[in-house]
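Take a look at the structure below.
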Amino acid sequence: MARRAVVSAIDLIHRRGFLNRWSQHQSGILSPLFSLFSSEAFQPKRSRIDFSCVKEVDDVIELFQKIKSMRQEPSVRLYNKLMSVSVTIEQYYIALDVFDEMLRMGVSVDIYTMSIAVNCCCLLKDIYSAFSIMGFFLKRGHEPNVVTFGTLIKGLFLVNKEAEAVKLFEKILDLKLCEPDGIMILHVIDGLCKTGQVIEAHDWLHRLESSGWSLDVYTYSALIDGFCKGGMVDNAFKVLSKMVGNGILPDVVTYSSIINAYCKEEKMEEAENMLEIMMQQHICPNVFTYSSLIEGLCLKGEIGRAKQLLDSIVERGLKPNIVNYNTLLNGYCKKGSMDEAWLIFLEIPDKGLQHDVHTYNTLLDGLSKSGKVDEALQLLSEMVEKGISPNVVTCSILIDGYCSHGEMVRARELFYSMAETGINHNIFTYCILIKGYCKAGNLDEAWRFFDEISRVGLKHSTVSYTTMMHGLIRLSSFSDGWKLFQEMEAHNIHPDPHTYTILLDGFCRIHRISEALAFLRVMEAKGVNPNIVTYGVLINGLCKGQRLDEAIRLFNHLRSNGLNPNVQIYNMMLDSLYNEGREGEARRLMEEMERSSCTPNGVTFNIIVWNLVKSRKVHEAIPFLEEMCRREFVVNSDIIYALHDELRIGEGKDEKLQEIVKKVCAQN
DNA sequence: AGGGAGTCGG
């Protein structure tokens, strides 16, 4: 690296024509005048060099020239400063070029030069050169200090050499090479947390605490964040109270970490409580805090509140960014509220923000998922017109859109045309196409693309195997799917809850329910936790297999596993209870459903209404039908026929019934 | 004069 940088500043200057311009100045007719202005007589004793104007490489080169041509021998400080502004504008190679040139010119470099140069190498992930530079300085009698060592520790973490980083830190402590300071300790604690070694980080913190080293809010916050990210919020709180006990007060970052963790788990009440607590301490939330809250609300489907929150950020004088809007847009799209999604999309430019490729991808996904392929294609051309290049995600969305409408010819065309536009396929695009072909009933093509994955040098994933396995079970046979499952395990590709759920469903569909139940234990033994869908599949199997009581037992067991039954599960149970004539239990289940704040959907209403109509309690069904109309739920045709029959029998005397039937028919 | 750190996001 550093040697590559031997392209010295001089070469660069030649290439960029600066030297030429400079010599023209010197030899031009204006040169006497120029030299007058640039002479020291007109400059203060300490040369005025404005480093704040450095924005790009050319500025660095210009300043380098300026420093070099100063009458008075420029001090090493000026060159150091030039290196550090180069770092500020992320031009690490240029900074090292300056460094090389300093050495070439015989500038007497110092320990500051060393730290900056070492930092450059670290940021370029060239840890070898970082140590070489330190060695070089050592030979010249410059001892590395806490800054140099801290930078090296950071560098080691940056290149995933955690063990070496810790070893270096231990060595520094053991041999007392320097006194560790807050920044160095932070690098160690944060580095360990970010590599998933939170417990180790905690042990270190404890050790450093008892040795009396200074720990600050940064370090504690890093550890708290580590625990939060590792799903150990309890431990995070322990650290929080410990830091307060040590007289270090949490700040906005500390709280934001915890709030973020709650939001990720969709525990919005807790998140908002934390917000409350921090505001009581007069700590103002910032954009990070709000980003987490917006995301959490969107995850919970509370988009309206998310929108309110986003608007309130502006009122507070904070500036939300495009990602915040994209999050909200995604929330609306996932909910299928495309009108609101469009409004947000159109609002973005008014807020002084610009649509980016993610904005377009999000809206495209929403449109194609809600069947508005034409609108999606129009948006795509608008995107291209605006100069935003579609990426592999854009293509995936469109291919998926075609697949879900069974338009496999177009899906395939797009798949092949991607390469021409320089967009490479990844495992995701393959999975989408495989799923599409399975859905379209074309196993041969699905297999063809499945086999192509490894041929084109891509790595199979859990999803690729699971998708193909699902297709086989549905279109071919359970045993073919089972074979692929075994192949998957043999290739050491780990099945996930999704994989197991499909297999369990397969067992149920071929009426091998007991094996499904046994397989649930296998899954758990392998450390894969069944989720609510997994249980749903089993409950469905038991219901359909006339084993309703076992289904009820499994259902009652859910909450003790920390799982909340979803609306599909309630629907299955309700349907089975009605079919078995266990009306009372069905009613009780409905009450429980309401208590658990599980929102009934169209299917729920159809089940209820159908069973009321069937048992000739049409009048009890009317309020449900009204609610269905209000919520624009589709009413089953069987129900509509039965209602017409009812009207005929009653010879149209029942006005209330007539009215609702008219309304239902108009809507369906 | 140097490392200047910890929270967010598709």
Side-chain angles (χ1 to χ4, degrees), chain A residues 51 75-85 87-88 95 109-123 130 142 144-155 157 178 180-191 193-194 201 215-226 228-229 236 239 243 248 250-261 263-264 274 278 283 285-296 298 313 318 320-331 333-334 355-365 391 393-394 397:
Chain A
F51 288 102
S75 78
V76 63
R77 281 174 159 216
L78 283 177
Y79 288 112
N80 286 347
K81 185 72 193 160
L82 189 61
M83 282 178 73
S84 86
V85 292
V87 173
T88 313
V109 288
D110 62 11
I111 189 158
Y112 295 92
T113 325
M114 156 158 71
S115 293
I116 305 168
V118 165
N119 190 34
C120 285
C121 297
C122 288
L123 292 167
H142 294 289
N145 64 9
V146 61
V147 178
T148 333
F149 283 127
T151 307
L152 282 168
I153 288 174
K154 179 189 76 174
F157 275 114
C178 68
D181 65 359
I183 297 173
M184 181 186 269
I185 293 171
L186 174 67
H187 283 147
V188 174
I189 300 297
D190 191 43
C193 287
K194 295 263 154 67
L215 299 174
D216 54 19
V217 63
Y218 292 104
T219 311
Y220 282 111
S221 298
L223 184 60
I224 287 172
D225 187 60
C228 285
K229 292 256 156 59
V239 179
M243 77 186 266
I248 309 285
D251 65 7
V252 58
V253 179
T254 326
Y255 283 115
S256 295
S257 280
I258 299 171
I259 289 175
N260 182 250
C263 290
K264 283 265 155 62
M274 280 315 282
M278 81 183 255
I283 298 168
N286 61 20
V287 177
F288 289 111
T289 329
Y290 285 119
S291 290
S292 302
L293 290 163
I294 292 170
E295 205 206 347
C298 285
I313 302 181
L318 294 171
N321 52 38
I322 184 64
V323 184
N324 298 138
Y325 281 93
N326 289 345
T327 307
L328 196 65
L329 187 65
N330 184 47
C333 288
K334 286 274 136 62
H355 297 139
D356 63 8
V357 64
H358 295 286
T359 324
Y360 278 101
N361 285 346
T362 306
L363 190 54
L364 278 172
D365 192 40
N391 59 20
V393 179
T394 324
I397 290 164

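These numbers were taken from a predicted model, which means no experiment stands behind them. Numbered from 1 within each chain, the chains take letters A, B, ... in sequence-line order.
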[X] [atom1] to [N] [atom2]: how many Å, rounded?
X      : N      : atom1 : atom2 : result
A:Y290 : B:dT7  : OH    : P     : 20 Å
A:L363 : B:dG10 : CG    : P     : 17 Å
A:N286 : B:dG6  : CG    : P     : 14 Å
A:N321 : B:dG10 : CG    : P     : 11 Å
A:Y112 : B:dG4  : OH    : P     : 15 Å
A:H142 : B:dG3  : NE2   : P     : 18 Å
A:L123 : B:dG2  : CG    : P     : 15 Å
A:L328 : B:dG9  : CG    : C1'   : 13 Å

Counting any heavy atom closer than 4.0 Å, what does [X] reach on the DNA or RNA strands: base, sugar-phosphate only, or nothing?
X      : value
A:N330 : nothing
A:T219 : nothing
A:S292 : sugar-phosphate
A:N80  : base
A:I111 : base
A:V146 : base
A:V217 : base
A:I116 : sugar-phosphate

Go through it in stages, so that I can follow the logic: the residues are A:D365 and A:N330, the test is side chain to side chain donor-acceptor pair (under 3.5 Å), and I'd like the CA-CA distance, side-chain angles, deciding distance and then a yes or no. CA-CA 9 Å; A:D365 192 40; A:N330 184 47; over 6 Å; no
Report yes if the side chains of [X] and [Y] come closer than 4.5 Å at any heavy-atom pair, otherwise no.
X      : Y      : value
A:M278 : A:V252 : yes
A:T359 : A:D356 : yes
A:T219 : A:L223 : no

Is any side-chain N or O of [X] closer than 4.0 Å to OP1 or OP2 of [N]?
X      : N     : result
A:N260 : B:dG9 : yes
A:K264 : B:dT7 : no
A:K154 : B:dG4 : yes
A:K229 : B:dG6 : no

May I ask you to check whether A:N324 and A:T327 show a side-chain donor-acceptor distance below 3.5 Å?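 No donor-acceptor contact under 3.5 Å links the two side chains.
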How many angstroms lie between CG in A:D251 and OH in A:Y218, if you round to the nearest 0.5 Å?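 Output value for this atom pair is 7.5 Å.
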So for [X] and [N], does any side-chain atom that can act as donor or acceptor lie under 3.5 Å from a complementary atom in the base?
X      : N      : value
A:S291 : B:dG9  : no
A:D251 : B:dG6  : yes
A:S257 : B:dT7  : no
A:D356 : B:dG10 : yes

Minimum-distance nucleotide (side-chain atoms of [X] versus [options]):
X      : options              : result
A:S256 : B:dT7, B:dG2, B:dA5  : B:dT7
A:R77  : B:dA1, B:dG9, B:dT7  : B:dA1
A:E295 : B:dG2, B:dG3, B:dC8  : B:dC8
A:D110 : B:dA1, B:dG2, B:dG10 : B:dA1
A:K194 : B:dA1, B:dT7, B:dG2  : B:dT7

Kindly indicate, with the supporting measurements, whether the criterion side chain to side chain donor-acceptor pair (under 3.5 Å) is fulfilled by A:N361 and A:N326. CA-CA 10 Å; A:N361 285 346; A:N326 289 345; over 6 Å; no
